[in-house]
Every structure is written in C-alpha cells, then in structure tokens.
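This one's a predicted model, so the numbers in the text were calculated from it and none came from an experiment. Reckoned from all heavy atoms, side chains included, excluding hydrogens, waters and symmetry mates.
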Amino acid sequence: MRYDLVIFDNDGVLVDSEPISNTLLAAYLTELGHPTSYEESLRDYMGAAMHRVHDIVLERTGQRLPDDFDDAFHARVFAAFERELKPVPGAPQVVEKLAADGVPYCVASSGSHERIRVGHRTTGLDRWFDDGRIFSSQDVGRGKPAPDLFLHAAERMGVPPEKCVVVEDSALGVRAANAAGMDVYGFTAMTPADRLAGATELFGDMRDLADLLV
C-alpha cells in the first residue's frame, strides 16, 4: 500500500444515500418556499454539512430556515434509510479487504454521527466501523471544503496527512482533501468527472478501488 491510512467519505462512497437525501432535501426546501430541484440539491449541497444549507438559503433569500429544520429533515432521511438504503456496490468488499490486510481506514463525513451510524447499521457496514473509526463534521469547527475534518481524522488515527488518501465523490470533499495535503481518489459514479478535477485519481466502480490503492 502506498498509504498508511484510507479515509472514506460516507454518503455516496460507502452508503448509496445521496439520491435519497437529496430528493428529500429538494422536496423539503420546496415545501418551505425555496423551490429546489433534485439536480440543484446535488449541485449545491452534496458533500456538505447542514450549515451550508442554512447559509445558502439565507444568502439567496434573506430568510432563515426554521429552527427545527435539521431535526425534521433528519427524521425524514432516517425513516427513508430504514426503508431503502443500500451500501454502494463494492464498498463492503473494499472495506473487508482493507481490514483483512491490516490497512488502517476510517470514515470522515459531513453528516452527523447519528446519520453515519444509522446508515452503517442499516447496510451492515457497522461491523467494520467502531467508534474509533468514525469522524463527523460535528467534531470540528468547519466542514468541507475546509480541511479540518480530514486533518482531525488523520491526527486521531496517528497518521501524517501526506501518508493519507481520501476517497470522495463531491467537489467540496476533493477541495478539502487538497487543502489538507492529502491525495484524493474521486469516485465518479454520481458526480461528473470534471467536477472532481482536483483529484489525484478518478474511478467509477468502487470494486476497483482496492487494486488502485496498491
């Protein structure tokens, strides 16, 4: 392995949650009087922490989202996860191989700890991710595209940034990894390759990742 630590994004990389959550986010924003299409939700919010949704709506409309927006949105998302969520094809096999080979890995997600755990429990990924391998934007002051989350994960895992590789599917995540001084593999299954242009490598099938990292 070229790297001492593999840092996975979660949504869209480990769990196939982006279609679910962005469909619900677009619908909820529209319901609240901020018309948003699914495509616009992907463009503006994919890979971001929830504060970005609040910031963009306020910037564009001068209006604040309701105080209970996050809780109400997450209730809808978690209910949908329980019904529909699947792992990204190939993701369980990649993580299982890293674990079997003794390669350190973790997840660093813009999502909350609760969201990460609900997704992992629903998809069976929780068997490979104990608390010591889970890092959330809740743990740091600034979410992606700031490098704080990835640097925090590397520090907690005891690996210098230059020996880490990040697996990301969002433009914000690629920017964050670049800012952290880490290599980043851009997963293009849902995101056009040109939006991940800053990535070290691009790939479209998670089943290929283990071989690419060697």
Side-chain angles (χ1 to χ4, degrees), residues 3 5-26 37-50 52-53 56 77 80-81 84-95 97-98 105-112 115-116 118-120 122-123 125 128-129 133-137 143-151 153-154 164-180 182-213:
Y3 304 101
L5 176 65
V6 180
I7 303 175
F8 290 97
D9 176 42
N10 190 55
D11 294 293
V13 170
L14 294 175
V15 296
D16 194 15
S17 54
E18 295 291 9
I20 298 171
S21 59
N22 282 281
T23 296
L24 292 171
L25 180 57
S37 69
Y38 171 71
E39 291 75 18
E40 289 167 339
S41 183
L42 287 175
R43 180 194 69 201
D44 294 339
Y45 306 123
M46 182 173 167
M50 287 301 294
R52 180 178 173 87
V53 182
I56 288 180
V77 169
F81 279 5
E84 307 171 39
L85 189 63
K86 305 292 183 187
V88 168
Q93 291 78 13
V94 168
V95 177
K97 179 170 174 51
L98 293 176
Y105 63 89
C106 64
V107 60
S109 172
S110 293
S112 66
R115 176 178 172 134
I116 297 167
V118 169
H120 286 190
T122 304
T123 59
L125 287 167
W128 292 295
F129 288 93
R133 296 182 189 271
I134 296 176
F135 304 99
S136 161
S137 61
K144 306 170 189 177
D148 304 35
L149 176 57
F150 291 143
L151 292 173
C164 300
V165 62
V166 176
V167 185
E168 262 288 354
D169 70 331
S170 75
L172 293 175
V174 169
R175 287 169 55 193
N178 289 159
M182 300 176 181
D183 281 358
V184 53
Y185 281 45
F187 183 44
T188 60
M190 278 195 61
T191 308
D194 62 332
R195 295 203 65 210
L196 304 178
T200 311
E201 301 277 354
L202 295 173
F203 71 107
D205 190 328
M206 190 58 64
R207 287 163 289 205
D208 295 335
L209 179 61
D211 290 337
L212 292 173
L213 292 174

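Heavy-atom minimum distance, M182 versus F150: CE-O, 3.3 Å. Nearest approach of P19 to D16, heavy atoms of both residues: CD-OD1, 3.8 Å. Annotation for D183 and Y3: closest pair OD2-OH, 2.7 Å, computed over non-hydrogen atoms. Shown here for L25 and S41, the closest heavy-atom pair between the two residues is CD2-OG, 3.5 Å. The shortest non-hydrogen separation linking V94 to A210 is CG2-N, 4.5 Å.
Using modelled atom types, one side-chain atom of E40 and one backbone atom of S37 make a donor-acceptor pair closer than 3.5 Å. Of the possible donor and acceptor atoms, none in the side chain of Y105 sits under 3.5 Å from a partner among the backbone N and O of R133. Distance alone, capped at 3.5 Å, is enough to place a donor-acceptor pair between the S170 side chain and the G173 backbone. T200 contributes no side-chain N or O that, together with a main-chain N or O of Y185, makes up a donor-acceptor pair within less than 3.5 Å. Between the side chain of S137 and the backbone N or O of G143 there is no donor-acceptor pair closer than 3.5 Å. Looking at T122, its side chain never comes within 3.5 Å of a backbone N or O of L85 through a donor-acceptor pair.
In the model, N22 has no side-chain atom that pairs as donor or acceptor with a side-chain atom of Y45 under 3.5 Å. A donor and an acceptor atom, one from each side chain of D11 and S17, are located under 3.5 Å apart. With 3.5 Å as the limit, one finds no donor-acceptor pair spanning the side chains of S109 and R115.
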**Stepwise side chain to side chain contact (heavy atoms under 4.5 Å, CB included) check, L14 with F129** = CA-CA 11 Å; L14 294 175; F129 288 93; 3.7 Å; yes

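A salt bridge is absent between D44 and R52: the closest approach of a Lys/Arg side-chain nitrogen to an acidic carboxylate oxygen does not fall below 4.0 angstrom.
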